[in-house]
Amino acid sequence: MAGAFCLVFLAIAGQLVHLGLTDPKQSRRGGSDALASARPDILDRNGDVVAIDVKSPSLFAEPRRLIDPDEALEGLLKVLPDLNVREVRTRLNSGRGFAWLRREITPAQQRAIFRLGLPGIGFIRENRRVYPDGPILSHVIGGVNVDNQGIAGLEKYIDKGGLADLHLAGFATDRQQEPVALSMDVRVQHAVRDELAAAKAKFSALHAMGLVTDVTTGEIIAMVSLPDYDPNQSGDPTDQAYLNRLTTGVYEMGSTFKALSFAMALDSGRIGLNSSFDARGAMSFGRFKISDYHAENRVLSVPEIFLVSSNVGTAKMVLSLGVEAHKAFLKKMGQLDRLVTELPESSMPIVPKRWGEVNSATIAFGHGLSVAPLQAVMAVNSMVNGGYLIPPTFLKRDEDEARKVATRVLKPETSDKMRYLFRLNAEKGTAGKAEVPGYLVGGKTGTAEKVVNGRYAKNKLLTSFTAVFPMDKPKYLVLVMLDEPKPTAETHGYATSGWNAAPTAGKIVERIAPMLGLSPRQNLPNAEQILRASQRVGMR
C-alpha cells in the first residue's frame, strides 16, 4: 500500500513538473483558441514607430476546473459588466478544457478579477497591435484581427510575405522580428491630412483625398483618404470610412488626365509645341457633342490648349494620331490594367468594351475611362522624371533600386516639354492659385462631372489638382481631390478645380516642402527658361 501511494504521488509530482515547464500558450495554440502572435514593428521613413506590439492580458476559463460556474459569472460581471451573459454562461458550463472570456482586458481589470480568487479563471499575456498615430495612417497600414493577424493594408501584406506561415507553424509568437521601413513620412502625412480636412469642411465636400510621391523613386510619402478610421478601435469594415479611395476607388479623372494626351502627342514626333488645332465650335459624334467649358472659339496652339484646358483641342490632337495609337499609349502608361502595389486593396480600371473614335475623344480629356488616382499619378510621374514609369511603393526605395524596376515610356525631350507646360500653366493658366513663392510649382487642374443614374450631373463635380515641384528639377508630386465640393462666396460661385483643389495643393506644398528638405529660392527661372535650359542639356 505504501508503494502504491508513492507511485501515485510520484505521478502527480511528475505532472506538476511537466505543467510547470510547459508554456501554456503552446498548449492552447490553434483553432478558435488561437493566440495573438507577435508582429514586426512598422516604422516611417524617419524611423518613427507607427505600429507596434504591446503585451496585454486576456481572460480565459478552464470550465472543467470551475467549482460553481454561476458564482464565477456573478463575480466576473462585477468587473466586466458589459460581458455577454448568455454567451459567457454557455462557455463556463461547456465542460471544455479552455474557453476565451475576454481578449485584451486592462491591467486594472486583471487585478480586480485576480482578487476574486476564482479557481479555473486565468490570464494569458498576449500581443496586441497598437497604432500610436490613430487614424493618421489608417488606410495605408490597415489593421489586424483579434489574433493579431493582418486583415487589410500593409498589415495584410506583411502576413503574405511569410508571417502568416510562421503563425500557422507556431514560430512567430514572441519572436523579435526585423522592423518594416515605410516610404511614408508621418510629419508630411499629418500636414496633408490637416489641409484636406480643412478643405473638406470649407467646401462642404463629401470626401477629400491626397497623396505625395517622390517622382524619382516612386515612393509614396503621404496618402490620405477622408473620412478615415482609427485602427485601434473595432468598427464596421463596410463603413465608407474604411474605403481607400486612392487605390480601391476608380474615377474619371477629368482634365488632369489631359496630361497623358499631351505626352502622347508630343512623344509621337508628329506634334510639337508649335502645332495648332481648330477649337472653333463643338465636335459632334451623332447625338453626342464635345464642347469647351470656356470656349475660345479659335485656332489654338498646343500650349494654349493646355493653358485653357480645351476639350475640343485635346480631342482633335489625340484623334489625329488614331484610336489604336491612343489605346497602345495608355496601355504602355499602365492605365488599362490593375495597379499592383504592396496594398492588397486595388480595383481594375473601367475601360470601354467597344473603343471607337468617340471613346478616344472623351478619354482624351478625362471622361469615359475610370482609373485609380494613384494609377494616374504614376503616369504623371513619368512625364516629369525624364520619361520613366516607376511602380509606386509604400516601402523605402532609393534611386538605384528605382532604376532597376523602371521602364522608359517617354523620350527625355517629351518630359522636358511636359515640365514646360506644367510650369506655364501655373504662370498663365488654370493652375495659378497653386503658386507658392520660392518653390517653382507646376501643375494641371481637373474637373469631372460625376455619373448619376447613367448621366453626367453638372452640379456634382469631382475636382482634382496635380502639383509638381520644383519644376526645374522635379522631385515631388502632390495630388488633391475633392468629391462634390460646393461653391462659396470666396470662389464667386464656382466649384471647379482652380478654385478649391488647386489652392489646397498650394497650401500643402507650402507646409511640406521644408519638411522634405526644400527651402524657398530666389530668382527662379520661368517656364521658357526651364525649356531652353533642358534643350541645351539635350544638345550636349
Side-chain angles (χ1 to χ4, degrees), residues 25 28-42 49-61 73 76-77 79-92 98-110 112-113 123-160 163-164 167-168 172-173 180 186 189 193 197 207 223-245 247-249 343-345:
K25 298 179 182 181
R28 301 186 179 103
R29 194 184 310 281
S32 61
D33 296 333
L35 285 155
S37 299
R39 303 182 65 80
D41 292 348
I42 301 180
V49 176
V50 296
I52 189 172
D53 275 1
V54 298
K55 294 287 186 180
S56 67
S58 288
L59 177 67
F60 72 91
L73 176 59
L76 292 173
L77 286 172
V79 182
L80 303 170
D82 58 336
L83 281 175
N84 186 317
V85 176
R86 180 179 297 180
E87 181 180 317
V88 172
R89 177 177 283 118
T90 300
R91 293 189 178 192
L92 293 177
F98 178 87
W100 285 118
L101 299 180
R102 171 65 64 84
R103 307 290 286 272
E104 299 176 4
I105 63 174
T106 67
Q109 290 170 333
Q110 180 187 19
I113 295 171
F123 310 93
I124 293 178
R125 289 180 64 79
E126 289 194 281
N127 296 294
R128 179 167 64 92
R129 202 61 160 168
V130 172
Y131 304 96
D133 294 290
I136 302 300
L137 289 160
S138 56
H139 285 113
V140 175
I141 294 180
V144 298
N145 61 16
V146 70
D147 294 317
N148 222 25
Q149 295 169 341
I151 57 174
L154 287 171
E155 293 282 27
K156 188 173 183 179
Y157 165 79
I158 291 170
D159 276 15
K160 285 186 175 180
L163 186 59
H167 285 164
L168 292 174
T173 302
V180 176
V186 174
Q189 183 82 0
R193 185 175 184 270
H207 313 110
M223 174 178 281
V224 178
S225 177
L226 297 178
D228 51 23
Y229 64 96
D230 188 347
N232 293 302
Q233 307 293 329
S234 59
D236 181 6
T238 63
D239 191 290
Q240 283 203 357
Y242 285 79
L243 175 64
N244 182 355
R245 291 170 173 80
T247 59
T248 308
L343 296 191
E345 301 84 14

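Residues Ser56 and Ile105 come closest through the heavy atom pair CB-O, 4.5 Å. Of all the heavy atoms in Asp228 and Pro135, the pair that sits closest is OD2-O, 3.5 Å. Shown here for Ala38 and Asn127, the closest heavy-atom pair between the two residues is N-ND2, 3.4 Å. Considering every non-hydrogen atom in both Gly134 and Pro231, the closest pair reads O-CD, 3.2 Å.
Using modelled atom types, one finds no donor on one side chain facing an acceptor on the other under 3.5 Å when comparing Arg125 with Gln110.
For the pair Glu345 (side chain) and Asn244 (backbone), a donor-acceptor distance under 3.5 Å is absent. Side-chain atoms of Arg39 come within 3.5 Å of backbone N or O of Asn148 as a donor-acceptor pair. At least one donor-acceptor pair closer than 3.5 Å links the side chain of Asp159 to the backbone N or O of Gly150. Proximity of a side-chain donor or acceptor of Ser138 to a complementary backbone N or O of Tyr229 within less than 3.5 Å is detected.
Ring centers of His139 and Tyr242: at least 6.0 Å apart, outside the cut-off. Checked against the 6.0 Å centroid threshold, Phe98 and Phe60 count as a close aromatic pair.
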Worksheet entry | side-chain hydrogen bond (donor to acceptor under 3.5 Å, both in side chains) evaluation trace for Asp147 with Asn145 | CA-CA 5 Å; Asp147 294 317; Asn145 61 16; 4.9 Å; no
Practice prompt. Would you please test Ser58 and Glu126 for side-chain hydrogen bond (donor to acceptor under 3.5 Å, both in side chains) and show each step?
Written response: CA-CA 7 Å; Ser58 288; Glu126 289 194 281; 2.5 Å; yes
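Both tests pass for Arg103 against the ring of Trp100: distance under 6.0 Å to the centre and angle within 45° of the axis.
The shortest distance between side-chain heavy atoms of Leu243 and Ser225 does not fall below 4.5 Å.
Under the rule for a salt bridge (charged side-chain N to carboxylate O under 4.0 Å, His left out), Asp239 has no partner lying at least two apart in sequence or in another chain. Residues that satisfy the side-chain hydrogen bond (donor to acceptor under 3.5 Å, both in side chains) test with Arg129, not counting sequence neighbours, are Asp53, Glu155.
Taking CG of Asn84 as the reference point, atom CG of Leu101 lies at 11.5 Å (rounded to 0.5 Å). Atom CD in Gln109 sits 10.0 Å away from atom CZ in Phe123 (nearest 0.5 Å).
Taking 4.0 Å as the cut-off between side-chain N and carboxylate O, Asp133 and Arg193 do not count as a salt-bridged pair.
Of the candidates Val146, Ile52, Val54, Arg128 forms a side-chain contact (heavy atoms from CB on, under 4.5 Å) with just one, namely Val54.
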